[in-house]
Structures are given as C-alpha cells and as structure tokens.
Amino acid sequence: MKYTEDREFLQLLKHHEESFSGWDFSFISDTGRVASEPLDWSYVSKAMTFIHTSKAMLDMGTGGGELLSRLRPFPEIVYATEAYAPNIPVAKERLEPLGVRVMAIDDDNSLPFDDNGFDLVLNKHESFSPAEVRRILRTSGTFLTQQVGGLDCVGINDRMEAPYSEYADWSLSQAITDLESNGFEIVEQREQFPIQRFYDIGALVYYLKAIEWQIADFQPEGYMEQLYGLHLDIQRDGYWDVKQHRFLIHARAV
C-alpha cells in the first residue's frame, strides 16, 4: 500500500497541527503517545534543595514557566530568563503573579543582571555562557544544569536520512572543560542515554515540529516515505525507540 492510500497514516499526521506553547509536551506525553525512561537522578529534587537555602536565584530558559512555578516556596529574589519569543508572554502570565520577574534575552553572553547578583542559577535544557554565569554568581554560589547532549535522539536523524543538528558535538566533557576554565569547581557530574519511545507516527511528527533543531526546517512533506516506513514498523512492533542524551552538572563558583 502506498502512503497516499493509507488513511490511518494520513490521519495520524494531522495530529501535529495541534498548537504548541510554552514548553509543554502534555499533548503527546500525558496521553501516553510518547514515554521516556526515567533518569538515575532528579534535577527537580536537587534544585529544590538549593532553592530552600537560596536568597537570590535565577532560572535560565524557563520556557513557559511550567516547571519553575511548581518549585515554590521561592527565595526573596527570583528571576527567570527566556529567549524563545512565543514563550515569554506565557511565562509572564504564569510566573509574575508568583513574584518572579521574567526577562527576555537574545544573547547568552550578555545577561541583564549585575555582577554577583545570585547565589543560585538553575538551568534545565538551556544554552549558557560559563563566563556570564560565573559573572552573575557570587563566590561559592551554585550552578545546577541538566543538559540535552549532542547525541540526543540521533536515531531519528538516521532513520529520516537527515543531517545531525549543529549541536551534535555538545558533551559532558566539553561542558566541564568550559566551566572549569571559567571559575567553577565541579561538585557532581552524571550522564545517561535513556530510551524515548514513540507509540504513533503523529507523536513523532509533533515532537519534530516542536524540537526545531533536531531536523532543521523539518516539514513532514519532505520525509513522507521515511515517515511511512516508520509508521509501518510501529504498527508491527507497537512502538519505536530512540536513545536520548542527558547530562547533569552541579558546579560551584570559586
């Protein structure tokens, strides 16, 4: 059967048209259409420990503020940054009533904060400049980051016959080298390659439309043969797995 004649396949593809805002994947995750293997650590549990002893904190790349809003009680001074324009009004609406000031940024190398202004900087899945983070952190301040490594879900690119992203070389060792070269001591480092499982082709397309850097300029129309082959595999096996890439660093400003 050709994909143009497969009504189920074509119907599933339409699900990617659901709007995406903030940094909320509940449309596919909460409905059980995609699932991820648990990590061996909890970024949130570690973050909450530091928040409880902080006096001034920054959350970098807050998305729509979904995660940060759940980490109360906050210290007296709380800021959040966000670079993706559609997320900014979402984050402001959610966070500012909670006392969080949301700052739009467009350059990791120039954050709108004074030197030594924070004792805690949190960063989940957001780019950063080690030198700039060190500038705004007080001595002995904490930087906690969980990063998406450069090998994240490259199985998708392989299957789609698409080039790897421009971030393919981003690694734990590179991040540690950069931090240590900019006035940080590494307290803890962790790395893992958990499985991400897709249960239908529409969920994968939705994911690729949201994660714009996985396959640059992705449009389903340019990958219909590959998507249909994968759809048939999911019908046969019930799911399709790829490996994610995550690493965590707890660093102290020295």
Side-chain angles (χ1 to χ4, degrees), residues 20 22-26 28-29 32-47 59-63 66-67 82-84 87 108 121-130 133 143-182 184 186-201 203-218 223 226-227 230 233-234 237 239-251:
F20 182 84
W23 198 240
D24 183 2
F25 289 88
S26 60
I28 55 175
S29 60
R33 298 172 64 195
V34 63
S36 296
E37 179 184 2
L39 293 169
D40 292 338
W41 65 83
S42 168
Y43 168 85
V44 168
S45 294
K46 292 179 180 293
D59 183 41
M60 299 182 67
T62 200
E66 298 86 358
L67 178 59
E82 178 56 33
Y84 185 49
N87 285 348
D108 291 334
V121 174
L122 300 177
N123 177 307
K124 186 181 182 189
H125 301 177
E126 178 71 1
S127 61
F128 64 92
S129 161
V133 174
F143 178 50
L144 179 70
T145 182
Q146 180 175 294
Q147 290 285 303
V148 177
L151 298 178
D152 188 63
C153 294
V154 294
I156 296 175
N157 302 69
D158 291 337
R159 185 61 186 263
M160 294 294 106
E161 302 175 30
Y164 289 172
S165 81
E166 60 182 299
Y167 308 109
D169 293 333
W170 181 230
S171 66
L172 173 63
S173 60
Q174 183 62 58
I176 287 175
T177 296
D178 293 346
L179 286 165
E180 290 181 333
S181 299
N182 284 277
F184 284 95
I186 306 303
V187 179
E188 182 182 10
Q189 55 179 288
R190 306 284 294 275
E191 185 173 33
Q192 194 173 340
F193 295 86
I195 293 296
Q196 179 156 271
R197 177 166 291 183
F198 294 91
Y199 291 97
D200 70 73
I201 199 65
L204 175 62
V205 172
Y206 181 88
Y207 175 88
L208 289 173
K209 294 288 286 184
I211 308 296
E212 298 175 349
W213 55 87
Q214 188 75 50
I215 297 178
D217 302 317
F218 173 80
Y223 295 91
Q226 295 93 325
L227 289 169
L230 185 49
D233 287 353
I234 294 174
D237 300 329
Y239 58 85
W240 183 64
D241 288 346
V242 291
K243 287 185 178 181
Q244 298 177 308
H245 183 193
R246 299 286 185 271
F247 60 85
L248 177 124
I249 300 174
H250 167 199

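If you're wondering where the values come from, they're calculated on a predicted model, not measured in any experiment. Excluded from the calculations below are hydrogen atoms, water molecules and symmetry mates; all remaining heavy atoms, backbone and side chain alike, are included.
One N or O on the side chain of Glu82 and one on the backbone of Gly63 form a donor-acceptor pair closer than 3.5 Å. The main-chain N or O of Cys153 is found under 3.5 Å from a side-chain atom of Gln214 such that the two form a donor-acceptor pair. Side-chain N or O atoms of Tyr164 include none that pairs as donor or acceptor with a backbone N or O of Asp158 at under 3.5 Å. A donor-acceptor pair is defined here as one N or O able to donate and one able to accept, closer than 3.5 Å; no such pair exists between the side chain of Asn123 and the backbone of Thr145. In terms of modelled atom types and a separation under 3.5 Å, the side chain of Gln226 and the main chain of Met160 share a donor-acceptor contact.
Trp170 and Gln147 share a side-chain donor-acceptor pair at under 3.5 Å. Side chains of Gln244 and Asp152: no donor on one and acceptor on the other come within 3.5 Å. Side chains of Thr62 and Asp59: a donor on one and an acceptor on the other come within 3.5 Å.
At a threshold of 4.5 Å between non-hydrogen side-chain atoms, the residues His245 and Glu191 count as touching. Within the 4.5 Å cutoff, no side-chain heavy atoms of Ile249 are placed close to those of Leu144. Put simply, the side chain of Asn157 does not reach to within 4.5 Å of the side chain of Pro163, judged on heavy atoms. Taking the side chain as every heavy atom from C-beta outward, Trp240 and Val242 approach each other to under 4.5 Å. Side chains of Val121 and Met60 form a contact here, defined as non-hydrogen atoms less than 4.5 Å apart. Proximity of Ile156 to Phe218: side-chain heavy atoms (C-beta onward) are nowhere separated by under 4.5 Å.
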(request) Could you check Lys243 against Leu151 for side-chain contact (heavy atoms from CB on, under 4.5 Å), going step by step and ending with a plain yes or no? (result) CA-CA 8 Å; Lys243 287 185 178 181; Leu151 298 178; over 6 Å; no
(message) As a quick check of understanding, evaluate salt bridge (charged side-chain N to carboxylate O under 4.0 Å, His left out) for Arg246 and Asp40, giving each step before the final call.
(response) CA-CA 10 Å; Arg246 299 286 185 271; Asp40 292 338; over 6 Å; no
(message) Determine whether His250 and Gln189 satisfy the following criterion, side-chain hydrogen bond (donor to acceptor under 3.5 Å, both in side chains), listing intermediate values before the conclusion.
(response) CA-CA 7 Å; His250 167 199; Gln189 55 179 288; over 6 Å; no
(request) Starting from the C-alpha separation in whole Å, work towards a yes-or-no answer on side-chain contact (heavy atoms from CB on, under 4.5 Å) for Arg159 and Val154. (result) CA-CA 9 Å; Arg159 185 61 186 263; Val154 294; over 6 Å; no
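A 6.0 Å sphere centred on CG of Asp237 holds more than 12 heavy atoms belonging to other residues, nucleotides or ligands. Around atom CG of Asp169, no more than 12 heavy atoms belonging to other residues, nucleotides or ligands sit under 6.0 Å away.
Judged by a 6.0 Å distance limit and a 45° cone about the ring axis, Arg33 is not positioned over the six-membered ring of Tyr199.
In this structure, the separation between OG on Ser129 and CG on Asp178 is 9.0 Å, given to the nearest 0.5 Å. Summarising the geometry, atom CG belonging to Leu179 is positioned 10.0 Å from atom CD belonging to Gln174; distances are rounded to the nearest 0.5 Å. A distance of 4.5 Å separates CH2 in Trp213 from CD1 in Ile211, rounded to the nearest 0.5 Å. Note: Ile215 CD1 to Leu208 CG = 5.0 Å, rounded to the nearest 0.5 Å. Distance check, rounded to the nearest 0.5 Å: CD1 of Ile176 to CD1 of Ile186 gives 5.5 Å. For the atom pair CD1 of Ile195 and OH of Tyr239, the computed distance is 9.5 Å after rounding to the nearest 0.5 Å.
Minimum interatomic distance between Pro38 and Gln192 (heavy atoms only, all atoms of both residues): O-NE2, 3.4 Å. Taking each heavy atom of Glu212 and Tyr84 in turn, the nearest pair found is OE2-OH, 3.7 Å. Between Gly149 and Phe247, the closest heavy-atom pair is CA-CE2, 3.9 Å. Nearest heavy atom pair, residue Phe184 against residue Pro130, reads CE1-O, 3.5 Å.
Contact check on Lys46 versus Glu188 returns a salt bridge, with a Lys/Arg side-chain nitrogen under 4.0 Å from an Asp/Glu carboxylate oxygen.
Tyr207 has its ring centre less than 6.0 Å from the ring centre of Phe198.
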